[in-house]
Number of protein chains: 2
Amino acid sequence: MAMEKTKETHPHTLGECTKSILPVRDALEVLSGKWKLPIIISLMFGNKRFSQIAKEVPGITDKMLSKELRELESNDLVKRTVYDSIPVVVEYSLTEYGHSLEIVIKTLRDWGVAHRKRMMVAE
Amino acid sequence: MAMEKTKETHPHTLGECTKSILPVRDALEVLSGKWKLPIIISLMFGNKRFSQIAKEVPGITDKMLSKELRELESNDLVKRTVYDSIPVVVEYSLTEYGHSLEIVIKTLRDWGVAHRKRMMVAE
DNA sequence: GTAAGTAGTATACAAAAGGATAGTGAAAAA
DNA sequence: TTTTTCACTATCCTTTTGTATACTACTTAC
């Protein structure tokens, strides 16, 4: 009798789920890590200089901040502007593309607020 | 004269931005990494067994899948059910709490789709 | 007897991420 | 004169993440 196991490998249904995973991975590639979103959030509250960001993102070191800013810049999410005053001042700002993350961050923050509440209840 | 540098350290304005960062960090603590969201997405398409998830999440190894599932389970996002059939079958499913991530994932996926489009244009 | 499927674990290693500390060089403030 | 600010960079170290390969133990199929 050997009822063939329905393999589900016909092109129609294959990857329905994978098709959802791929764009999320694309997003994660640009945003993942401990610091990128916090840095972006800090810049959503206004343009900032290096040391200002360092103060507002709790716990970040200069090395991490510098590295992450470079990556964000190379992905066109953050813009770096140098003013050749004395001493030199460097200003970081979100690009228009960077601002397109506002909705993502709002959603994640809302979930995070609920999550924290839940953890406190369960203590 | 010595105009005191306005320190901005009075409790009122301090941390307006930090207050946004903290819940996002809470969320990232539970969700960050390369694999957790892809695994959750795969489970949004239905309950799955270990090897099914392994097939649907491109590139994941048994070791990573096993490790990530344990973490997700300990955070109450995923439920593990053992059926003592022969051979033993283990089914993974999203908890109700896990389902609360649907909106987060949808937002991230939408951004990811737009991001991929953008990258292709810029080639 | 051999392979394949069930759900993983064990071991060893490489790579990436992150942390701690110190230093650069110029200028201004104490 | 020493310290502070500015925007970083350099070095070393630990932790986390990821890869590769092999193995367990049981059952069914070939």
Side-chain angles (χ1 to χ4, degrees), chain A residues 1-9 21 25 28-39 42-43 47-75 78-93, chain B residues 1-9 21 25 28-39 42-43 47-75 78-93:
Chain A
M1 277 313 124
M3 183 81 126
E4 228 55 52
K5 41 196 137 181
T6 53
K7 274 207 160 181
E8 308 287 5
T9 42
I21 291 178
R25 291 184 68 157
L28 287 180
E29 217 164 293
V30 176
L31 301 176
S32 76
K34 201 173 171 181
W35 303 113
K36 294 202 190 72
L37 288 177
I39 290 168
S42 139
L43 291 175
N47 302 354
K48 304 258 164 68
R49 281 168 293 146
F50 189 89
S51 52
Q52 283 182 292
I53 304 174
K55 270 171 212 148
E56 291 192 354
V57 177
I60 198 168
T61 60
D62 285 358
K63 179 193 160 188
M64 277 298 118
L65 181 51
S66 161
K67 185 191 148 225
E68 301 289 68
L69 281 172
R70 259 180 275 136
E71 284 180 42
L72 291 171
E73 203 195 341
S74 85
N75 283 309
V78 162
K79 189 177 164 220
R80 182 177 185 270
T81 313
V82 180
Y83 296 102
D84 54 351
S85 51
I86 294 175
V88 65
V89 163
V90 181
E91 187 186 71
Y92 292 91
S93 55
Chain B
M1 279 310 126
M3 183 80 127
E4 228 57 51
K5 39 194 138 175
T6 53
K7 275 207 159 179
E8 308 287 4
T9 44
I21 291 178
R25 292 184 67 159
L28 288 180
E29 218 163 290
V30 176
L31 302 175
S32 76
K34 199 174 172 182
W35 304 113
K36 294 202 190 72
L37 288 177
I39 290 168
S42 139
L43 290 176
N47 302 354
K48 305 257 164 71
R49 280 167 296 145
F50 189 89
S51 54
Q52 283 182 294
I53 303 173
K55 269 171 213 148
E56 291 192 354
V57 177
I60 199 167
T61 60
D62 285 358
K63 181 190 162 191
M64 278 297 117
L65 181 52
S66 161
K67 185 193 149 224
E68 301 288 68
L69 281 172
R70 260 180 275 136
E71 285 182 41
L72 291 171
E73 203 195 342
S74 84
N75 284 309
V78 162
K79 190 178 163 218
R80 182 176 186 271
T81 312
V82 182
Y83 296 102
D84 54 350
S85 52
I86 294 177
V88 66
V89 163
V90 181
E91 187 186 70
Y92 292 91
S93 53

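In what follows, every chain begins at residue 1, and chains take the letters A, B, ... in the order their sequences are listed. Note that this is a predicted model, so its numbers are computed, not measured.
The distance between atom CZ of R25(A) and atom C1' of dT17(D), rounded to the nearest whole Å, is 14 Å. When the P atom of dA7(C) is taken as reference, atom CG of L69(B) falls 11 Å away, rounded to whole Å. The separation between F50(B) atom CZ and dA4(C) atom C1' is 17 Å, rounded to whole Å. Rounded to whole angstrom, the span from the CD atom of E29(A) across to the P atom of dT17(D) amounts to 17 Å. Rounded to whole Å, the distance from NZ on K55(B) to P on dG8(C) is 14 Å. Note: CD (Q52(B)) to C1' (dG5(C)) measures 12 Å, nearest angstrom. Distance, L65(B) CG to dA20(D) P: 16 Å, rounded to whole Å. Rounded to whole Å, atom C1' of dG18(D) lies 13 Å from atom CD1 of I39(B).
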- Item | Test side chain to side chain contact (heavy atoms under 4.5 Å, CB included) applied to V57(A) and L65(A), step by step | CA-CA 9 Å; V57(A) 177; L65(A) 181 51; 5.9 Å; no

- Given L37(A) and L28(B), is the side chain to side chain contact (heavy atoms under 4.5 Å, CB included) satisfied, shown in steps? CA-CA 9 Å; L37(A) 288 177; L28(B) 288 180; 4.0 Å; yes

- Give the intermediate values and the outcome of side chain to side chain contact (heavy atoms under 4.5 Å, CB included) for residues R25(A) and K34(B). CA-CA 8 Å; R25(A) 291 184 68 157; K34(B) 199 174 172 182; 3.7 Å; yes

- Message: I'd like to know whether L72(B) forms a side chain to side chain contact (heavy atoms under 4.5 Å, CB included) with Y92(B), so could you lay out the CA-CA distance, the side-chain angles of the two residues, the decisive distance to 0.1 Å, and finally the verdict.
- Response: CA-CA 11 Å; L72(B) 291 171; Y92(B) 292 91; over 6 Å; no

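For the pair R70(A) and dT9(D), the criterion of a side-chain N or O lying under 4.0 Å from OP1 or OP2 is met. Contact between the side-chain N/O atoms of S51(B) and the OP1/OP2 oxygens of dG8(C) is not found at any separation under 4.0 Å. Taking only side-chain nitrogens and oxygens, Y92(A) comes nearer than 4.0 Å to OP1 or OP2 of dC8(D).
The closest donor-acceptor contact from the side chain of K67(B) to the backbone of K63(B) lies at 3.5 Å or more, if one exists at all.
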- The contact string for nucleotides 15-26 of chain C, one letter per nucleotide 5' to 3', using protein heavy atoms under 4.0 Å with B, S and - for base, sugar-phosphate only and none, comes out as ---BBB------

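Screening residues 50-62 of chain A for salt bridge (Lys or Arg N to Asp or Glu O under 4.0 Å), with sequence neighbours left out, gives K48(A)-E56(A).
Inspection of the R70(B) and S66(B) side chains reveals an N or O donor paired with an N or O acceptor under 3.5 Å.
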